[in-house]
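Here the structure comes first, spelled out in structure tokens, and everything after it is commentary.
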Amino acid sequence: MHANMRNPMSFLHKSLLGYRSLNCASSRRHISTLVISEHEGGSLKGSSLNALAAASLLGEKNSVSLLVAGSSSESLESVAKQAFSSCPFISQVLVAESDKLKHPLAEAWAELILLAQQQGKYTHVMAASTSFGKNVLPRAAALLNVSPISDVVKVMDERTFVRPIYAGNALSTVKYKGNEPCLVTVRPTSFPVDTSDSVNCASSPACPVTTLDVTDLNSEIIDKSTWLGQVSQQSERPDLGSAKVVISGGRALKSKENFKMLELLADKMGGAVGATRAAVDAGYVPNDMQVGQTGKIVAPQLYVAIGVSGAIQHLAGMKDSKVIVAINKDPDAPIFQVADYGLAGDLFEIIPELLEKLPEKKQ
Ligand SMILES: Cc1cc2nc3c(=O)[nH]c(=O)nc-3n(C[C@H](O)[C@H](O)[C@H](O)COP(=O)(O)OP(=O)(O)OC[C@H]3O[C@@H](n4cnc5c(N)ncnc54)[C@H](O)[C@@H]3O)c2cc1C
């Protein structure tokens with residue numbers, strides 16, 4: 001199945017079209033949504049904007065609150081302002097500042113969501129389906145005694161969501177019954193962001209920031225886990241999850257050194273490098289480069305799969321890419337079934353030729 005499940009609608013006027021497609025009864029109900037943000041170095045992560053885009057599709061009468069939390073050393077106010085200028089439909093930004101929230105530990109953040117939910121009585125709590133969101137939201141759902149719906153790719157109406165199952169081979173429509181809050185993680189690539197609706201920070205109205213009192217955070221539970229450290233790859237290349245071009249390699253690359261060819265190709269094309277699980281397991285690349293069911297979900301404008309067989313678990317992570325190019329020496333490789341363009345041949349001949357012919361990327 002190669003259905004493009006991405007919702008073509010985006011912020012504001014486009015999402016208003018989405019409101020109209022909701023049934024009248026649901027659109028009359030008041031909805032209040034708490035979106036859990038992620039930020040790094042004083043900047044809101046793109047995936048949080050995708051979560052906000054999803055929240056904007058829930059209904060006409062939806063007041064959207066964004067939760068921005070972290071330690072006192074972080075510039076939470078600037079994250080709040082940035083969020084508000086990107087998404088002027090945000091009704092309020094809830095800022096929670098505590099050293100207990102310095103690290104993305106599920107124990108602390110789930111307690112925070114519980115606290116915010118007890119105070120705000122939101123009808124919906126949403127987060128992006130990132131490692132953080134997938135870690136935190138189910139725990140918060142357990143604390144609230146509701147069942148979360150994960151990896152949503154489409155909002156049907158305020159309580160009905162579509163999510164992939166069986167490694168993306170089928171879509172399941174799930175509806176919340178009763179009046180419990182809906183706790184949902186959304187797949188970022190399914191809710192694109194249209195930045196044309198963003199407003200200039202300087203000219204935008206004052207960002208409505210409310211401080212959330214976190215003195216009641218349950219230390220007994222939070223102290224059960226300790227942050228040991230974080231190892232992240234420093235790279236000039238775009239982030240794999242949001243890159244417009246992704247060059248992915250498989251086991252056929254045979255070594256870490258050979259993966260450098262893909263890095264050169266990615267640099268020439270302004271893209272990110274991804275990999276199959278087989279390439280990760282073989283130690284050619286770190287596991288944060290894995291694309292697929294148990295890796296990252298990507299949907300770039302161009303996905304180039306090199307020496308990748310096209311196993312179902314890999315396809316689950318990239319089949320929504322706009323244009324797929326496959327290079328494989330086996331003309332019967334399953335990857336060709338989802339490829340828009342296929343090159344049957346030896347990657348060790350094709351890649352050097354491509355590198356030679358492609359112009360250097362303009363700075
Ligand atoms: C529960 C579970 C979860 C999984 N999650 C993921 C996941 O998230 N992501 C993922 O990728 N996989 C995942 N897998 C593994 C998946 O099933 C495949 O094993 C894996 O994707 C295969 O990787 P590959 O295509 O690199 O290797 P292979 O299957 O070995 O394919 C290599 C391909 O390279 C081609 N080739 C060989 N030499 C050359 C050459 N010189 N030039 C051109 N082509 C060449 C071959 O024809 C072949 O098609 C998961 C598996 C399980 C069971």
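Each ligand, and each atom within it, is numbered from 1 in the order the structure gives.
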Item checked: Nearest neighbour in protein (non-hydrogen) for atom 34 (O) of ligand 1 -> Gly307 O, 3.2 Å
Next item on the list: Would you tell me which option among Ala344, Ala279, Ser309, Gly292 has the nearest heavy-atom contact to atom 31 (O) of ligand 1?
Entry: Ser309
Notebook entry, point to check: Does the side chain of Thr294 come under 3.5 Å of the side chain of Gln290 through a donor N or O and an acceptor N or O?
Noted result: yes
Item checked: Min side-chain heavy-atom separation Lys244-Leu302 under 4.5 Å -> no
Next item on the list: Could you find the nearest protein heavy atom to atom 45 (C) of ligand 1 and give me its residue, atom name and distance?
Entry: Ala252 CB, 3.5 Å
Checklist line | For Ala311, atoms of ligand 1 separated by under 4.0 Å from a heavy atom | finding: 16 (C), 17 (O), 18 (C), 21 (O)
Notebook entry, point to check: Short list, please: which atoms of ligand 1 are under 4.0 Å from a heavy atom of Val291?
Noted result: 7 (C), 8 (O), 9 (N), 10 (C), 11 (O)
Item checked: Closest protein heavy atom to atom 10 (C) of ligand 1, given as residue, atom name and distance to 0.1 Å -> Arg277 N, 3.3 Å
Check: Heavy atoms, side chains only, cut-off 4.5 Å: are Arg237 and Asp267 in contact?
Finding: yes
Margin query: Just checking Glu180: does its CD atom have more than 12 heavy atoms from other residues, nucleotides or ligands closer to it than 6.0 angstrom?
Written below: yes
Item checked: Full working for side-chain hydrogen bond (donor to acceptor under 3.5 Å, both in side chains) between Asn50 and Ser47 -> CA-CA 5 Å; Asn50 299 117; Ser47 55; 5.6 Å; no
Notebook entry, point to check: Starting from atom 19 (O) of ligand 1, which protein heavy atom do you reach first, and at what distance in Å?
Noted result: Arg251 NH2, 4.5 Å
Next item on the list: Flag the pair Met289 / Val273 as yes when at least one side-chain heavy-atom distance between them is below 4.5 Å, and no otherwise.
Entry: yes
Checklist line | Winner among Thr294, Ile351, Ile306 once heavy atoms are compared against atom 8 (O) of ligand 1 | finding: Thr294
Check: Going by the atom numbers of ligand 1, which of them fall below 4.0 Å from some non-hydrogen atom of Phe348?
Finding: 41 (N)
Next item on the list: Go through ligand 1 atom by atom and flag the ones less than 4.0 Å from a non-hydrogen atom of Gly345.
Entry: 42 (N), 43 (C)
Check: Counting heavy atoms only, which of Ala333, Gly310, Ala278 is nearest atom 23 (O) of ligand 1?
Finding: Ala278
Next item on the list: Could you tell me whether the side chain of Tyr303 and the main chain of Val325 form a donor-acceptor pair under 3.5 Å?
Entry: no
Notebook entry, point to check: Taking the six-membered ring for Trp, are Tyr284 and Phe259 parallel (under 30°), tilted (30 to 60°) or perpendicular (over 60°)?
Noted result: tilted
Checklist line | Ala316 near ligand 1 by a heavy-atom separation under 4.0 Å | finding: no
Check: In terms of atom number and element, which parts of ligand 1 are under 4.0 angstrom from non-hydrogen atoms of Gly250?
Finding: 26 (O)
Next item on the list: With heavy atoms of Gly295 as the reference, note each atom of ligand 1 found under 4.0 Å away.
Entry: 8 (O)
Note to self: Tell me whether Thr123 contacts the main-chain N or O of Ser32 through its side chain, where contact means a donor paired with an acceptor under 3.5 Å.
What the structure shows: yes
Note to self: If the cut-off is 4.0 Å to any non-hydrogen atom of Asp346, which atoms of ligand 1 fall inside it?
What the structure shows: 40 (C), 41 (N), 42 (N)
Margin query: Can you tell me which residue among Arg187, Lys134, Arg163 is in a side-chain hydrogen bond (donor to acceptor under 3.5 Å, both in side chains) with Asp151?
Written below: Arg187
Check: Identify the closest protein heavy atom to atom 43 (C) of ligand 1: which residue and atom is it, and at what distance?
Finding: Lys329 N, 3.2 Å
Next item on the list: Considering only non-hydrogen protein atoms, determine which one is nearest to atom 42 (N) of ligand 1 and report residue, atom name and distance to 0.1 Å.
Entry: Leu347 N, 2.9 Å
Next item on the list: Run down the list Ile335, Leu315, Asn328 and name the one with the heavy atom closest to atom 35 (C) of ligand 1.
Entry: Asn328
Check: Taking the side chain as C-beta and beyond, is there a heavy-atom pair between Val95 and Leu212 under 4.5 Å?
Finding: no
Margin query: Can you name the atoms of ligand 1, numbered from 1 with element, that are less than 4.0 Å from a heavy atom of Gln293?
Written below: 7 (C), 8 (O)
Check: Above 12 or not: heavy atoms from other molecules or residues under 6.0 Å from NZ of Lys102?
Finding: no
Next item on the list: If a pair satisfies ring pair (Phe, Tyr, Trp, His ring centres under 6.0 Å) and one of its residues is in residues 210-235, list it, with sequence neighbours excluded.
Entry: His103-Trp227
Note to self: I'd like to know if atom 26 (O) of ligand 1 has any protein heavy atom within a distance of less than 4.0 Å.
What the structure shows: yes
Margin query: Among all protein heavy atoms in this structure, tell me which lies nearest to atom 52 (C) of ligand 1, with the distance rounded to 0.1 Å.
Written below: Gln313 NE2, 3.7 Å
Checklist line | atom 24 (P) of ligand 1: nearest protein contact (heavy atom, Å) | finding: Thr276 OG1, 3.6 Å
